[in-house]
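Take a look at the structure below.
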Amino acid sequence: LILGVVGALGVGGFVLTLLPDLPDDEEIRDVQLQVPLRVYAANGELIAEFGEQRREPVKIEKIPQALVDAISEELIVELTEELVSIPTPNPPGDELACAEYIMEKLQEWGVEAELVPKPHRERPQVVAWLRGNGNGPTLVLNAHMDTVDAGDREAWDYPPYQVTRVGNRLYGRGTCDMKGSLAVGMVILKTLYDAGVPLSGTLMLQAPMGEEMDEPGTRTLLQEGYV
């Protein structure tokens, strides 16, 4: 079961929950969604609101085990390595090369993706979709491209812009916050696209800029209608 959540700061977070051993007869019913979607800044200011006030039951169908098994851990690690190797420290914020890599890789797989040259043309954001038939909501997977600076390189046990795998852990700047999450989101879209899974709603991946410095990355995407 994959759930994505847009962060409350207007610059986004990405939560992934994966249940690989979901029983064949298991279903989750009557999930309550609160509409409208409200997005708040860190100071509590309401910056965006979408939809009408209502509560509606949503039935989430069981996920075939074969689809869960198709999610490639090897590809997630490979993408994380590639993303970490593209430095995006903020400040100053230089997401262009990372954004181009994400878009080009998704398009190579056949997934619809584009660059959004706002709010700063030299620091574009990425939006990708698996579009449904229009009878369901949009689920957003959101993970920012920028990272904090690596700081003193001598203080690192492993090179910051090169992924080092130790046991089941990956070390490198951004592996957790949030290039590993970006890699997971990309693989989810690829897996569903390759499987030809019909969707009622739309699954959207957002890769915004500027989260580390509270810049209006996700907020701009929402205001531009990417929701």
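We number each residue from 1, following the sequence as shown.
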Check: Under 4.5 Å between side-chain heavy atoms, hopping through other hydrophobics if needed: is there a path connecting L67 to I188?
Finding: yes
Margin query: Between K179 (side chain only) and L83 (backbone N and O only), is there a donor and an acceptor less than 3.5 Å apart?
Written below: yes
Checklist line | In one Ile/Leu/Val/Met/Phe/Trp/Tyr side-chain cluster, 4.5 Å: V184, L170 | finding: no
Check: Counting only N and O atoms by type, is there a donor-acceptor contact under 3.5 Å from the side chain of R153 to the main-chain atoms of P159?
Finding: no
Next item on the list: Measure from NZ or CZ of R131 to the centre of the six-membered ring of W129, then state whether that distance is under 6.0 Å and the direction lies within 45° of the axis.
Entry: yes
Next item on the list: Consider only side-chain N and O atoms of K190 and S72, and report whether a donor and an acceptor are under 3.5 Å apart.
Entry: no
Checklist line | Shortest non-hydrogen contact between T88 and C98, atoms and distance | finding: CG2-CB, 3.7 Å
Next item on the list: Say whether L189 and L75 are linked into one hydrophobic cluster, either directly or through other cluster members, by side-chain heavy-atom distances under 4.5 angstrom.
Entry: yes
Next item on the list: Taking H120 for its side chain and E122 for its backbone only, find out whether a donor-acceptor pair lies under 3.5 Å.
Entry: no
Next item on the list: Could you tell me which non-hydrogen atom of A207 sits nearest to which non-hydrogen atom of L182, and how far apart they are?
Entry: CB-CD2, 3.6 Å
Note to self: Test your reading of the model: is there a side-chain donor-acceptor pair from E114 to the backbone of A128, 3.5 Å cut-off?
What the structure shows: no
Margin query: Can you list everything that forms a salt bridge (charged side-chain N to carboxylate O under 4.0 Å, His left out) with R123? Sequence neighbours excluded, please.
Written below: E95, E215
Checklist line | Least distance between heavy atoms, T80 atom then I76 atom | finding: OG1-O, 2.8 Å
Next item on the list: Answer yes if L139 and L106 sit in the same cluster of Ile, Leu, Val, Met, Phe, Trp and Tyr residues linked by side chain heavy atoms under 4.5 Å apart, and no otherwise.
Entry: yes
Next item on the list: Determine, step by step, whether V187 and I71 satisfy the side chain to side chain contact (heavy atoms under 4.5 Å, CB included) criterion, reporting the C-alpha distance in whole Å, the side-chain angles of both residues, the deciding distance to 0.1 Å, and the verdict.
Entry: CA-CA 7 Å; V187 172; I71 296 176; 4.0 Å; yes
Margin query: According to side chain to side chain contact (heavy atoms under 4.5 Å, CB included), who are the partners of P117, at least two apart in sequence or on a separate chain?
Written below: R121
Next item on the list: In sequence, state the C-alpha distance, the side-chain angles, and the governing distance for L205 and M186, and then conclude on side chain to side chain contact (heavy atoms under 4.5 Å, CB included).
Entry: CA-CA 8 Å; L205 174 65; M186 293 170 68; 3.9 Å; yes
Margin query: I'd like to know if the side chain of W109 reaches the main chain of E104, judged simply by a donor and an acceptor atom lying under 3.5 Å from each other, with no hydrogens or angles considered.
Written below: no
Check: Which atom names give the shortest non-hydrogen contact between M145 and M209, and what distance separates them?
Finding: CE-N, 4.2 Å
Next item on the list: Answer with yes or no whether the side chains of N90 and E212 bring together a donor and an acceptor at under 3.5 Å.
Entry: no
Checklist line | Residue list, side chain to side chain contact (heavy atoms under 4.5 Å, CB included) with E82, at least two apart or on another chain | finding: S85, Y101
Note to self: Does anything in residues 164-188 form a ring-ring contact (aromatic ring centres under 6.0 Å, His included)? List the pairs, not counting sequence neighbours.
What the structure shows: Y158-Y171
Checklist line | Common cluster, V77/I102, ILVMFWY with side-chain heavy-atom separation under 4.5 Å | finding: no
Notebook entry, point to check: Just by distance, do the side chain of D149 and the backbone of P89 share a donor-acceptor pair under 3.5 Å?
Noted result: no
Item checked: D157: side chain to side chain donor-acceptor pair (under 3.5 Å) partners, not counting sequence neighbours -> none
Notebook entry, point to check: Would you say the side-chain atoms of Q206 pair up with the backbone N or O of V140, donor to acceptor, closer than 3.5 Å?
Noted result: no
Checklist line | Non-neighbouring partners of A70 that pass side chain to side chain contact (heavy atoms under 4.5 Å, CB included), sequence neighbours left out | finding: T191
